[in-house]
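Take a look at the structure below.
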Amino acid sequence: MRILVTGGAGFIGSHLVDRLMENEKNEVIVADNYFTGCKDNLRKWIGHPRFELIRHDVTEPLLVEVDQIYHLACPASPIFYKYNPVKTIKTNVIGTLNMLGLAKRVGARILLTSTSEVYGDPLVHPQPESYWGNVNPIGVRSCYDEGKRVAETLMFDYHRQHGIEIRIARIFNTYGPRMNIDDGRVVSNFIAQALRGEPLTVQKPGTQTRSFCYVSDMVDGLIRLMEGENTGPINIGNPGEFTMTELAETVKELINPGVEINMVENTPDDPRQRKPDITNTKALLGWEPKVKLRDGLPLMEEDFRQRLGVAKKK
Ligand SMILES: NC(=O)c1ccc[n+]([C@@H]2O[C@H](COP(=O)([O-])OP(=O)(O)OC[C@H]3O[C@@H](n4cnc5c(N)ncnc54)[C@H](O)[C@@H]3O)[C@@H](O)[C@H]2O)c1
Ligand SMILES: O=C(O)[C@H]1O[C@H](OP(=O)(O)OP(=O)(O)OC[C@H]2O[C@@H](n3ccc(=O)[nH]c3=O)[C@H](O)[C@@H]2O)[C@H](O)[C@@H](O)[C@@H]1O
């Protein structure tokens, strides 16, 4: 199978490449502009006969003969996707248009990594795929939230109009090794702060909730979706829901009991609750997450200790 992974140098993408490369029948091509990802995440595959890495921005057309496209190219951290909002929405709209054009041209099946942010600040909880969402069309997060919604629209229009084989995953908060240490997302922030002995920065009100999926579960779900017969959209996430204060207390307990927890200001339009309804995911993909937060955090801690050079206290 010839597989293109856009955004494959990123956090989820590089773990996906690892799993795809385990299958000797697969040839993998990564296209990435290294905005938030890096070659180092793929170092073990560079030079491998079944692997190719291209520096490419998906807002420009790309022509490669492939059978499957995993379209992950988009900055995921709010800090990065808010850094250049016009670029973020271009990546989601023009980038997805280019990948759909490629899929049509070469007859490839295409999977889009959409997001729970399509539900916005949800008024329905937990969120089923049938929920249309509560999204601000002109807010500071809209480049991402609406960008992903348009990407889903384009996927379905190409499916209905041109018969393209599509798969849509609505990914919920995912964590694990290889996350950018300073990309500003809550799990990476808290673990880096705990290891550096800095106060954990809980953004107000602290009662807002998220549900965290470990990256190996996420990759398993994405491959099952691609290999299955269902277009989606399908939620892929761990229904274990925590407040940010509970998350901070767990990181403090597991990693550094002496660290302080500080309440700090939040940013506009931060969703107050988020939890996937995975009824469809279990029924259609036979998937559910295996790694609990308390088991996943130490795996990420080990990765961050190595990268930060912080040894575990005896
Ligand atoms: N991690 C999460 O919690 C989460 C949750 C929901 C959805 N997602 C989605 O999953 C995908 C991967 O997320 P991630 O956490 O690995 O993020 P990431 O930022 O680590 O990876 C994104 C990758 O895409 C690349 N990229 C960005 N813009 C590009 C462009 N214009 N052209 C080519 N490459 C580009 C980046 O350099 C990076 O390698 C994204 O589409 C994201 O929206 C992630
Ligand atoms: O799962 C999803 O669909 C989305 O999850 C995250 O978006 P978000 O939940 O905003 O991610 P974080 O920036 O990690 O924030 C999570 C919560 O933690 C809080 N937070 C964040 C950082 C911090 O240091 N402290 C803190 O309390 C935020 O206010 C927010 O309530 C990802 O960044 C998005 O790419 C993704 O689409």
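Order of appearance sets the numbers: ligands from 1, and atoms from 1 within every ligand. Atoms considered below: every heavy atom in the structure, side chains included; atoms not considered: hydrogens, waters and symmetry mates. What you see is a predicted model, and the numbers here were worked out from it, not measured in a lab. Residue numbers count from 1 along this sequence.
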- Item | Any R274 heavy atom less than 4.0 Å from ligand 2 | yes
- ligand 1 contacted by R185 (non-hydrogen, < 4.0 Å): yes
- Query: Hey, does the side chain of N92 reach the backbone of T88 with a donor-acceptor pair shorter than 3.5 angstrom?
  - Reply: yes
- Task: May I ask whether G184 places a heavy atom under 4.0 Å from ligand 2?
- Result: yes
- Query: Of all the heavy atoms in G95, does at least one lie under 4.0 Å from an atom in ligand 1?
  - Reply: no
- Query: Looking at ligand 1, does any of its N/O atoms fall within less than 3.5 Å of an N/O of H71?
  - Reply: no
- ligand 2 atoms nearer than 4.0 angstrom to some heavy atom of I171 are 1 (O), 2 (C), 3 (O)
- T245 side chain to G206 backbone, donor-acceptor under 3.5 Å: yes
- Message: Can you report which non-hydrogen protein atom sits closest to atom 24 (O) of ligand 1, along with the distance?
- Response: G7 CA, 3.3 Å
- Message: Can you name the atoms of ligand 2, numbered from 1 with element, that are less than 4.0 Å from a heavy atom of S116?
- Response: 1 (O), 2 (C), 3 (O)
- Query: How far is atom 6 (C) of ligand 1 from its nearest protein heavy atom, and which residue and atom name does that atom have?
  - Reply: I171 O, 3.2 Å
- Mark the output for H56 as yes if a heavy-atom distance to ligand 1 is under 4.0 Å, and as no if none is. yes
- Message: If we set the cut-off at 4.0 Å for heavy atoms, which region of K148 has an atom near ligand 1: side chain, backbone, both, or neither?
- Response: side chain
- Query: Relative to ligand 2, is R185 under 4.0 angstrom through side chain, backbone, both or neither, heavy atoms considered?
  - Reply: both
- Message: Give me the residue, atom name and distance of the protein heavy atom closest to atom 39 (O) of ligand 1.
- Response: D32 OD2, 2.6 Å
- Query: How close does the nearest protein non-hydrogen atom get to atom 3 (O) of ligand 1, and which residue and atom is it?
  - Reply: T174 N, 2.9 Å
- Query: What atoms of ligand 2 come within less than 4.0 Å of a heavy atom belonging to T115?
  - Reply: 2 (C), 3 (O), 36 (C), 37 (O)
- Message: Under 4.0 Å, counting heavy atoms only: does L72 come that close to any atom of ligand 1?
- Response: yes
- Aromatic plane relationship, Y81 with Y144 - under 30° parallel, 30 to 60° tilted, over 60° perpendicular: parallel
- For atom 16 (O) of ligand 1, which protein heavy atom lies nearest, and how many Å away is it? I12 N, 2.8 Å
- Query: Any idea which protein heavy atom is nearest atom 32 (N) of ligand 1, and the distance to it?
  - Reply: V58 N, 3.0 Å
- Message: Could you identify the single nearest non-hydrogen protein atom to atom 31 (N) of ligand 1 and state the distance to 0.1 Å?
- Response: D57 OD1, 3.0 Å
- Pick whichever of A151, C74, G10, G176 has a heavy atom sitting closest to atom 22 (C) of ligand 1. C74
- Show the numbers, then the answer: is there a side chain to side chain donor-acceptor pair (under 3.5 Å) between D217 and W287? CA-CA 9 Å; D217 283 331; W287 177 92; 5.1 Å; no
- Item | ligand 1 N/O within reach of T36 N/O, cut-off under 3.5 Å | yes
- Message: For a side chain to side chain donor-acceptor pair (under 3.5 Å) check, start with the C-alpha distance between T201 and Q193, then their side-chain angles and the critical distance, and finish with the verdict.
- Response: CA-CA 8 Å; T201 53; Q193 288 162 348; 2.9 Å; yes
- Those atoms of ligand 1 less than 4.0 Å from some heavy atom in Y34: 37 (O)
- Just heavy atoms, cut-off under 4.0 Å: does N266 contact ligand 2 by side chain, backbone, both, or neither? side chain
- Item | Element-labelled atoms of ligand 2 that are located less than 4.0 Å from some non-hydrogen atom of A76 | 32 (C), 33 (O), 34 (C), 35 (O)
- Query: So is there a nitrogen or oxygen of D270 less than 3.5 Å from a nitrogen or oxygen in ligand 2?
  - Reply: yes
- Task: Compute the shortest N/O to N/O distance between F11 and ligand 1 and return yes if it is under 3.5 Å, no if not.
- Result: yes
- Message: Tell me the contacting part of N173 for ligand 1: side chain, backbone, both, or neither, using a 4.0 Å heavy-atom threshold, strictly below.
- Response: backbone
- Message: Is there a polar contact between ligand 1 and T59, counting only N or O atoms under 3.5 Å apart?
- Response: no
- Query: At under 4.0 Å between heavy atoms, which part of E117 makes contact with ligand 2: side chain, backbone, both or neither?
  - Reply: both
- Task: Using heavy-atom distances, let me know which of S114, S77, A76 sits nearest atom 7 (C) of ligand 1.
- Result: S114
- Are the charged groups of E117 and R141 less than 4.0 angstrom apart, N to O? yes
- Note on the structure: The closest protein heavy-atom partner of atom 10 (O) of ligand 1 is T113 OG1, 3.6 Å
- Does ligand 2 have an atom under 4.0 Å from some heavy atom of R141? yes
- Considering distance alone, does some N or O of T201 sit under 3.5 Å from an N or O of ligand 2? yes
- With heavy atoms of N189 as the reference, note each atom of ligand 2 found under 4.0 Å away. 22 (C), 23 (C), 24 (O)
- Going by the order shown, which atoms of ligand 1 are within less than 4.0 Å of some heavy atom of F35? 37 (O)
- Query: With backbone taken as N, CA, C and O and side chain as the heavy atoms from C-beta onward, which portion of Y144 lies under 4.0 Å from ligand 1: side chain, backbone, both, or neither?
  - Reply: side chain
- Item | ligand 2 atoms in contact with Y144 (distance to a heavy atom under 4.0 Å) | 34 (C), 35 (O), 36 (C), 37 (O)
- Task: For a side chain to side chain donor-acceptor pair (under 3.5 Å) with R109, tell me which candidate from E165, Q68, E227 qualifies.
- Result: E165
- Item | Option nearest atom 35 (C) of ligand 1 (shortest heavy-atom distance, choices T6, N92, N33, D183) | N33
- Flag V186 as yes when one of its N or O atoms lies below 3.5 Å from any N or O atom of ligand 2, and as no otherwise. yes
- Task: Record the part of N173 in heavy-atom contact with ligand 2 below 4.0 Å; permitted values are side chain, backbone, both and neither.
- Result: both
- Show which atoms of ligand 2 fall inside a sub-4.0 Å distance from at least one heavy-atom site of V202. 27 (O)
- Should you measure from each heavy atom of G37, which atoms of ligand 1 turn up under 4.0 Å away? 36 (C), 37 (O), 38 (C), 39 (O)
